[in-house]
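What follows is one structure encoded as structure tokens, with my remarks underneath.
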Amino acid sequence: MLHSRPTQQPNLPFRIPKPHQTRTPSQSHSQLHFDVSLPKHQIPPWLSLVSTLRSLAQDPPQVSSYAAIFQSLTGKNLLRLGRQVHSHMSLRALEPDAFLGAKMIAMYASAGDLRSAVAVFRRIKYPSALLCNSIIRAYSWHWFPKKTIGVYFRMRSLGLKADHFTYPFVLKSCADLSDVRMGRYAHGLSLRTGFEEDFYVGTSLINMYVKCGGIGDARKMFDVMTVRDISSWNALIAGYMKIGEIRLAEDLFGRMVRRNIVSWTAMISGYAQNGLAGQALVLFDKMLEDDSGIKPTWVTIMSVLPACAHSAALERGREIHKLASRIGLDSDVSVQSALIAMYARCGSLAEACQCFDRIHQHKKDLVVWNTMISAYASHGRGLESVSTFEDMIRARIQPDIISFTGLLSGCSHSGLVDLGIKYFNRMKTMYNVEPEVQHCACVVDLLGRAGRLVEAKELIDKMPMQAGASAWGALLAACRKHRNLELAEVAAKKLFVLEPYSSANYVHLSNMYAEAGMWKEVANLRDLLKYRGIRKTPGCSWIEVNGKAHMFLGGDTSHPQTREIYMFLESLPEKMKQAGYVPDTSPVLHDLSEEEKEHNLTSHSEKLAIAFGLLNTSPSTIIRVTKNLRICVDCHTATKFISKIFRREIIVRDLNRFHHFTDGSCSCGDYW
DNA sequence: CTAGGGTTAG
């Protein structure tokens, strides 16, 4: 796992000239030469170093001068210059002491060269606490929690005292390793340094307990602290959000005297991660209205975009995209990938592609590629998924498990059976990625959809790990599609154990029984549902019109325009029958007369939303509807006809994927 | 020095 932090480019007004351009044979190694024919205000701060450097050439080498230089090179991403100064120092036979070593380590670590930092550390004969703190910070920054803790122990064995600069990193490492034991141990030892006065240590302790202990310990820590900081509150808020204690988080947030951008972001991302997309968006707006100089950061944008994606709020997503551009955050790759995902999940594959294409080829990281592969997959564009994957390989990015879930699901959604199996077989051999349970589930899905049910079942039986609900679920869905009741019963039986409270499985099997006219079994299942206290998830669809979301439940009559909508829907069957449409009543769960079934179908939530969209948008607008369950066969067929009769592009996002309806056909090729 | 983080099938 890579530690990704936004890399800060130095953005200098002019370039450091290449050595061969600047150094004539007469010039010594120590004399760095710069073109300074620029206005004074454009001269970068480190340029004052040049005079210091020149003075160094004359006197006997001084530790303090070099220390000052390394310090001013720290955090500036000037690795080459730093190395030059280092070799200059070595040539003059100056052995760094612990103090100078610390400065060198900081310079190397901040420039991304951990190896050199470690090399410096190893050469120092008499380490100090400062030196150890520097290398601890370097390891922590480069995401090596075990090494960090290792140095901490080494430090103690050398009789050096860990201080309030040591513990934040040690505790963060404990948190990263989910090692409460170590965390408690460090907590105990930190008591001796009098950390009560230090909110950095206190906040780190809260965070450590949030990440790997319990929220109770975190809360105790918070209560015990004598000096608190905004960040202490923020850490606890994040902790409550993490375990879904929304109200406690809200309570803390409300009681804060001052809040910073992290406080707001913690709340927004907390809402989003707990499925409260609407609240996340509301709070984001409040934050923007709040006139206390709060400005979103790249993390804020990344936290709020999934909320748009979740609720398919395309208009809102576009606004946030514009906002991000205005404050210059849209050039961040992480934000870019969040934008791609948002556009894709809001049904606008075209805008997702635009974002993807705007990223420079060499800047595309693993997540960006993965996001695009999955975006194509969910829109049923399997071939594009495959070609994006191949582009990624060509760009020398090593794929991971997520790349393959995207790729395989893409093949599955598009019926690319052989291609999918080819990639599945090559995962380990060609790409060195160990197939996991979700990949097997994808292949079960792939085979199952293609009607190769026996092979799918075989794969489940011989996969190296325990088949999960996803694999059995895929098999059940395939059995439904290909009407294999016998195998469906096997899969359903497993699922009733693996996920006993998921109504979808019961509905699937029940529908199959209904199709076969086995009403007694249907009744049995209904009793089982009742007995287990499971409610069938109500179908629910929504559509965004003029930036406002309109939601419909199945059979909903609460919308102000209900009369119009139903009048429209009731006039539909006639038109459709003229065009050759026969309603498919099989997805209706209960044993009803044919007429009643037909009426039930008329009021499916997706139909209501589509009707509302047709009535309230101009003819050229694309209708985008989102549904919480899978689209049913009848609605799918009906929507195809609607797209033809009314010459509208209709995009439906169901639980699993997108359906693009145009001119009487769907992008899924009736294969979902 | 600490707190907030995107991509995943069904």
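A, B, ... follow the sequence lines: proteins, then strands. Residue 1 opens every chain.
The shortest distance between the side-chain N/O atoms of A:S269 and the OP1/OP2 oxygens of B:dG5 is below 4.0 Å. Between A:R449 and B:dG10 there is a side-chain N or O to OP1 or OP2 distance below 4.0 Å. Between A:K481 and B:dG10 there is no side-chain N or O to OP1 or OP2 distance below 4.0 Å. Between A:Q273 and B:dG6 there is a side-chain N or O to OP1 or OP2 distance below 4.0 Å. The shortest distance between the side-chain N/O atoms of A:N207 and the OP1/OP2 oxygens of B:dA3 is below 4.0 Å. The shortest distance between the side-chain N/O atoms of A:H413 and the OP1/OP2 oxygens of B:dG10 is below 4.0 Å. For B:dA3, neither phosphate oxygen OP1 nor OP2 lies less than 4.0 angstrom from any side-chain nitrogen or oxygen of A:K211.
Evaluation of atom-type donor-acceptor distances gives no pair under 3.5 Å for the side chain of A:S470 against the base of B:dG10. Donor-acceptor pairing under 3.5 Å, judged by distance alone, is present between the side chain of A:S231 and the base of B:dT2. Checked by distance alone, A:T300 brings no side-chain donor or acceptor within 3.5 Å of a matching partner on the base of B:dG5.
Distance, A:H439 NE2 to B:dA9 C1': 9 Å, rounded to whole Å. Distance, A:L171 CG to B:dA3 C1': 14 Å, rounded to whole Å. Rounded to whole Å, atom P of B:dT2 lies 9 Å from atom OH of A:Y200. Atom P of nucleotide B:dT8 and atom CD of A:E436 are separated by 16 Å, given to the nearest angstrom. To the nearest angstrom, P of B:dA3 lies 18 Å from CE of A:M241. For A:I206 and B:dG4, the CD1 to P distance is 11 Å, given to the nearest whole Å. In this structure, CG of A:L329 is placed 13 Å from C1' of B:dG5, rounded to the nearest angstrom. As rounded to whole Å, 13 Å separates atom C1' of B:dA9 from atom CZ of A:R345.
Within the nucleic acid shown, A:V335 has no heavy atom closer than 4.0 Å to any nucleic acid atom. Residue A:N656 is in base contact, counting any heavy-atom pair closer than 4.0 Å across all strands shown. Using a 4.0 Å heavy-atom distance criterion, A:S409 is classed as a sugar-phosphate-only contact. Counting any heavy atom pair closer than 4.0 Å across all strands shown, A:N260 reaches a base atom. Using a 4.0 Å heavy-atom criterion, one finds that A:F169 contacts the sugar-phosphate atoms exclusively. A:H164 comes within 4.0 angstrom of a base, heavy atoms only. Among the atoms of the strands shown, only primed sugar atoms or phosphate atoms (P, OP1, OP2) are found under 4.0 Å from some heavy atom of A:T371. No engagement by A:D163 is indicated, since no non-hydrogen atom pair under 4.0 Å with the nucleic acid exists. Residue-level contact check: A:T297 touches the bases, meaning some heavy atom is under 4.0 Å from a base atom.
A:Y167 is not listed as a side-chain neighbour of A:D198, based on a closest heavy-atom distance of 4.5 Å or more.
With A:Y506 as the aromatic partner, A:K536 does not meet the cation-pi criteria of under 6.0 angstrom to the ring centre and within 45 degrees of the ring axis. A cation-pi geometry, defined here as NZ or CZ lying under 6.0 Å from the six-membered ring centre and within 45° of its normal, holds between A:R259 and A:F253.
Distance from the side chain of A:N234 is smallest for B:dA3 among the nucleotides B:dG4, B:dT7, B:dA3. Set against B:dA9, B:dG5, B:dA3, the side chain of A:M302 has B:dG5 as its closest nucleotide. Taking only side-chain atoms of A:S334, from C-beta outward, the nucleotide of B:dG5, B:dA3, B:dG4 with the closest atom is B:dG5. Comparing atom distances between the A:C442 side chain and each of B:dA3, B:dC1, B:dA9 picks out B:dA9 as nearest. For A:A474, counting side-chain heavy atoms from C-beta on, the closest listed nucleotide (B:dT7, B:dG4, B:dG10) is B:dG10.
Aromatic ring orientation, A:F389 versus A:Y431: perpendicular (interplanar angle above 60°, classes split at 30° and 60°).
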Step by step, work out the salt bridge (Lys or Arg N to Asp or Glu O under 4.0 Å) result for A:D251 and A:R255.
-> CA-CA 6 Å; A:D251 180 51; A:R255 277 168 40 207; 3.3 Å; yes
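Of all heavy-atom pairs spanning A:R345 and A:A309, the tightest one is CB-CB, 3.8 Å.
Checking A:D163 against A:T166 by side-chain atom types alone, a donor-acceptor pair falls below 3.5 Å.
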